[in-house]
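First the structure, in the form of structure tokens, and then the observations on it.
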Protein chains: 4
Amino acid sequence: MATLVDNRYGKARVRVLRVFRESEQKHNIFDFDCRVLLKGDFSDTYLTGDNSKVVPTDTVKNTIYILAQQETFKSLEEFGIILGKHFIANYSWVSGVEAVMKENVWRRVPVTVGTTNTTKEHDHSFQRDREVHNCTVTSNRGKAPVVVSGIDDLLIMKTTQSGFEGYNKCKYTTLKETKDRVFATVVTANWTYNSLNVDYTLAFEKFKQSVYDIFALTYSKSVQETLYLMAKKAMELCPQIEQVHLSLPNKHAFGFDFARLNLENKNVVFQPVEEPSGLIEGTIKRTNAKL
Amino acid sequence: MATLVDNRYGKARVRVLRVFRESEQKHNIFDFDCRVLLKGDFSDTYLTGDNSKVVPTDTVKNTIYILAQQETFKSLEEFGIILGKHFIANYSWVSGVEAVMKENVWRRVPVTVGTTNTTKEHDHSFQRDREVHNCTVTSNRGKAPVVVSGIDDLLIMKTTQSGFEGYNKCKYTTLKETKDRVFATVVTANWTYNSLNVDYTLAFEKFKQSVYDIFALTYSKSVQETLYLMAKKAMELCPQIEQVHLSLPNKHAFGFDFARLNLENKNVVFQPVEEPSGLIEGTIKRTNAKL
Amino acid sequence: MATLVDNRYGKARVRVLRVFRESEQKHNIFDFDCRVLLKGDFSDTYLTGDNSKVVPTDTVKNTIYILAQQETFKSLEEFGIILGKHFIANYSWVSGVEAVMKENVWRRVPVTVGTTNTTKEHDHSFQRDREVHNCTVTSNRGKAPVVVSGIDDLLIMKTTQSGFEGYNKCKYTTLKETKDRVFATVVTANWTYNSLNVDYTLAFEKFKQSVYDIFALTYSKSVQETLYLMAKKAMELCPQIEQVHLSLPNKHAFGFDFARLNLENKNVVFQPVEEPSGLIEGTIKRTNAKL
Amino acid sequence: MATLVDNRYGKARVRVLRVFRESEQKHNIFDFDCRVLLKGDFSDTYLTGDNSKVVPTDTVKNTIYILAQQETFKSLEEFGIILGKHFIANYSWVSGVEAVMKENVWRRVPVTVGTTNTTKEHDHSFQRDREVHNCTVTSNRGKAPVVVSGIDDLLIMKTTQSGFEGYNKCKYTTLKETKDRVFATVVTANWTYNSLNVDYTLAFEKFKQSVYDIFALTYSKSVQETLYLMAKKAMELCPQIEQVHLSLPNKHAFGFDFARLNLENKNVVFQPVEEPSGLIEGTIKRTNAKL
């Protein structure tokens, strides 16, 4: 009466801090949340409770920590590839592995140099930023792994050089046109590559710089236009980026309604609202993309 | 150099409280968060900033409130169908609409009857439950709308009648087998229908009862087995449910390690952990399903 | 140059699940988050890094689990008293202990009885409610412990029988008077007792019932009036409750502004907003209170 | 039977974005959440529902936006003082005002300069940091306002130069001593001033620098010692800071237990845990403080 048509399982929210020491005092870190899900010949446990092929999720967790210690990697994308290889190599009935990593972004704290007023970045002390660097590595037996990188929770705002005009009006339209509004958004994006030979950390930095440059340096005619230009710029700055998906909420900050109080609106006070928000999404591909 | 391959936009996190009054005092409510995204001929705004076809997200928001007032509906699935019809009927360049609703579940508060110790449910006073009733209605021009219902944040726990034995052991396995463990999970599920003639509220209740009955009344040999049985039971109780997807984290509550302290473990104290968690997913379809 | 004037330390967010078994199948549970902070002769570690008197926070954690297993208790208030006694008895340089517990409230899931349409509460399967039962037990050497009980995250809403009229108007007032509005609030409250001989679980239930009855059964002239009546009712229902502090946000749900669209407002659609909210607080004491 | 012993009310979570324009393109911003609570002769509304003295919370909200537009200020501490003055001056029955502000900290986004690889800070585009700058201004009729500044959500971590040794051992102790551990904490602090003539923004920066310098540049013998040194340093760097309260959770990142797997522990992989955490608090006052 009930057919199992798809299944996967594994461990989620495995938190790992991996320290790489350049020297006793100079450390580089990866701080991330890892999820590894397995596909394969696992239907027995669903249908009959026969667990003989189930690699316990506890073993999946152990393996993540063991490989994190044993292996050297320069990005979590590389670690995701390592994870996929391991499970496929060691369990013949595993057909596919999805490794999703959310890397917390830290910057070095600035410390005072001697008795001066200048600061420098510290060797092993860090401060968390808001944004998160994501990646998903999908490994299937007999195929090359597929790497998707991404960013989340990058909250940016500009206080001028954004407008919205010339849109469709209908009987349900009350919005006023404007040449000058506050534009705030949380950038959520992911992108694929046209190569397996990528400096993923550099690609992430290039993507972020594309976002900053387009957001700050161009007048925004619509969130949509800004979204497209961000993706286009990222492909220009990073030739390995093949396709970009962006999701940009329009986190509104409306002018306060001073008119109800018979007061002039000087356009300096705004009311940010958490909800509702506009939501603009788009997928942009490199023209003549190889994949 | 950069081709727009996909796009959609709209308003998210529109919060609506709709009151239906059976009488002056007896009220029924829908309290929900609504997201409506449009697809269609919108590439100009992305590529050139020409907004002439853009229905402002503010108009989308207004429309949600207007239709919520104007229309009568017995479930948010029905309201999602109404939303899709409206946008397709009124904007010729819209090809598709996705309406996602997250309905907060409220129950009537119990009030004391007179001077007795008994209580009854109140007519217009409510208390929020934890769980959320979701639905996604996808409407495409010229096609029947597709309704997916779901539940989220239903947190359940059983303190016995769950075990995990007979699983694969390898060099990275440290887990001990057990016939008696705590099993806690947050049920996240969605399901599709084989009919357009559905009492969606009843289907939701039947689904929830299937979860309760399987979880409480059967010994769990694995999270996977319990997942499968929940889906199977839901199809038995509700003939319109055609396919079910379930995602069950295994929210671990480990026994505290009293051995390190040379103390006996009496199996009455557990240490719930937020992370990591197992994660078990499965999709189950009615055998000989029509769709 | 810098004097340490106050200090305390301990372990926070210790999660405990304690199962009490009435029989093999019938279980009662306490699921809580516990924080224990110590005061005493601890200044050396602050001033010089001499840790010789520091009871490690890890030991504090171990102790919580050990006492949870070893002791029998009928409420977390009782467990908080046990914790305080232990630290004061075992560490001569500890002068005071604050134990704060946040208990997750679970209800038994309803399971189908045989092949009927009726359900009954299950013996060992539970579903989490939203609200949290708090308590803080402050123990000082040589004094009786002070118990404060509380509730948090109890979200309630009524869709009529609430108004707000006759308030002060000034040049900055734009609010319209109303005899019929939606009133939603998250009840946060705590209360003290005039006795050490209290059934804390019963007091919690009585408090909650007072909230329900006043909220549902009386017309609200202001949030303030409702707050006062809730506290008064709790003192009537539970003679051991001596003083009540209530904090009630006014979680607004405004009527949507249909006038801007030249549409009639039928008073059935509301726009709940997360922020801003009113915030009303009050402390009410039993007249002729003993303490 | 029930006496109202204390009360206050007002508006919470009023979100304000105030833009100060140095020029058309160069903007400075204050982005904050504001809560204003009033005390005074308000008992009637609690006791009888007579609202005639109630300044509606909606009016409080309007006032916040009006004063934010009308006034010029260089810090939210100054704006808090302005708010207090207004309510005391305009409503004779208000005796006291508490204004609490949580300021989101933004930094200017770095934008590419021309076609170079260098960046500069942008004039009106910003990126949110994690940390929050708090302040509470308490104004009472006839008295000077009391300003408390603070910081929250400053998450920092060091990967060496932290230990914990020489602590008290008892039968419930299982912790091992260490000279080298990961130390992560979320700094929550507030401080008072010995002057009404303060550059609050500078004081905030000095406080943050004290935290960075002590955390990074000194070996930590205990969280307590580090806490004390941070407060001491802040008083050295900022002569107006009179008293500091710090609350430092010890957000543990334990070494993974490789021994169970018969694997060497190379001290490079750690398991950060959200809960439980140590919690260390202290209040430090300037010796010979004036207040």
Side-chain angles (χ1 to χ4, degrees), chain B residues 14-21 24-25 27 29 31 62 65-66 68-70 106 108-112 119 122-131 154-161 182 184 209 211-213 215-217 253 256 258 260-261 263-274, chain C residues 14-21 24-25 27 29 31 62 65-66 68-70 106 108-112 119 122-131 154-161 182 184 209 211-213 215-217 253 256 258 260-261 263-274:
Chain B
V14 179
R15 291 187 54 192
V16 183
L17 171 65
R18 175 61 158 99
V19 178
F20 287 98
R21 295 187 177 84
E24 204 184 312
Q25 298 297 318
H27 296 182
I29 58 173
D31 171 38
N62 286 347
Y65 286 110
I66 291 164
Q69 171 170 280
Q70 188 175 291
W106 296 81
R108 295 176 187 279
V109 304
V111 292
T112 304
T119 60
H122 195 255
D123 277 352
H124 56 250
S125 297
F126 306 89
Q127 171 180 7
R128 265 279 290 282
D129 271 321
R130 279 180 67 90
E131 69 258 34
L154 180 69
L155 176 49
I156 51 180
M157 174 168 62
K158 63 192 294 189
T159 47
T160 187
Q161 292 295 310
V182 173
Q209 193 59 51
V211 166
Y212 292 148
D213 283 355
F215 187 70
L217 301 175
F256 183 74
F258 287 105
R260 283 202 310 166
L261 288 145
L263 292 169
E264 183 197 357
N265 191 331
K266 297 173 181 167
N267 196 32
V268 296
V269 168
F270 303 90
Q271 204 171 356
V273 294
E274 265 313 292
Chain C
V14 179
R15 291 186 56 192
V16 183
L17 170 66
R18 175 62 159 97
V19 178
F20 287 98
R21 295 186 176 86
E24 204 184 313
Q25 298 296 319
H27 298 182
I29 58 173
D31 170 38
N62 286 348
Y65 287 109
I66 291 164
Q69 171 170 279
Q70 188 172 293
W106 296 81
R108 294 177 187 279
V109 304
V111 292
T112 304
T119 59
H122 195 256
D123 277 351
H124 56 249
S125 298
F126 306 89
Q127 170 179 8
R128 263 280 289 283
D129 270 321
R130 279 180 67 90
E131 69 259 33
L154 180 69
L155 177 48
I156 51 179
M157 174 168 61
K158 63 193 292 190
T159 47
T160 187
Q161 292 295 310
V182 172
Q209 192 60 50
V211 166
Y212 292 148
D213 283 355
F215 188 69
L217 300 175
F256 184 75
F258 288 105
R260 284 202 310 167
L261 288 145
L263 292 169
E264 184 197 355
N265 191 331
K266 296 172 182 168
N267 196 33
V268 295
V269 169
F270 304 89
Q271 205 172 354
V273 295
E274 265 313 293

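Naming: A, B, ... by sequence-line order, numbering from 1 per chain.
Between chain B and the residues C:V109, C:I29, C:D129, the largest count of heavy-atom pairs under 4.5 Å involves C:D129. Your options are C:F256, C:F126, C:Y65, C:F270, and the one with the most heavy-atom pairs under 4.5 Å with chain B is C:Y65. Per-residue heavy-atom pair counts under 4.5 Å with chain C were compared for B:P272, B:A184, B:A68, and the maximum is reached by B:P272. Listed options C:I66, C:V269, C:N265, C:V268 were ranked by heavy-atom pairs under 4.5 angstrom with chain B; first place goes to C:V268. Chain C forms the most heavy-atom pairs under 4.5 Å with one residue out of B:M157, B:H122, B:Q161, and that residue is B:M157.
Proximity of a side-chain donor or acceptor of C:Q209 to a complementary backbone N or O of B:P110 within less than 3.5 Å is detected. Remark: side-chain polar atoms of B:Q69 are paired, donor with acceptor, to backbone N or O of C:K266 under 3.5 angstrom. Distance alone, capped at 3.5 Å, places no donor-acceptor pair between the C:H124 side chain and the B:K158 backbone. Under the 3.5 Å distance criterion, the side-chain polar atoms of C:Q271 are left unmatched by any main-chain donor or acceptor of B:V16.
C:H27 and B:T159 share a donor-acceptor pair across their side chains, judged by distance under 3.5 Å alone.
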Exercise for review: Please report the C-alpha distance between B:L154 and C:Q127 in whole Å, then the side-chain angles of each, then the deciding distance to 0.1 Å, and finally whether the side chain to side chain contact (heavy atoms under 4.5 Å, CB included) criterion is met.
Suggested key: CA-CA 7 Å; B:L154 180 69; C:Q127 170 179 8; 3.2 Å; yes

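By the salt bridge (charged side-chain N to carboxylate O under 4.0 Å, His left out) test, B:D213 is found to be paired with no residue, residues two or more places apart in sequence or in another chain being considered. In this structure B:R130 satisfies the side-chain contact (heavy atoms from CB on, under 4.5 Å) test together with B:L155, C:R128, C:R130, sequence neighbours excluded.
For chain B, the nearby part of C:V182 is the side chain; its heavy atoms alone come within less than 4.5 Å. Only the side chain of C:F258 comes within less than 4.5 Å of a heavy atom of chain B; its backbone N, CA, C and O stay farther away. For C:E274, the parts lying near chain B are the backbone and the side chain together; criterion is any non-hydrogen pair under 4.5 Å.
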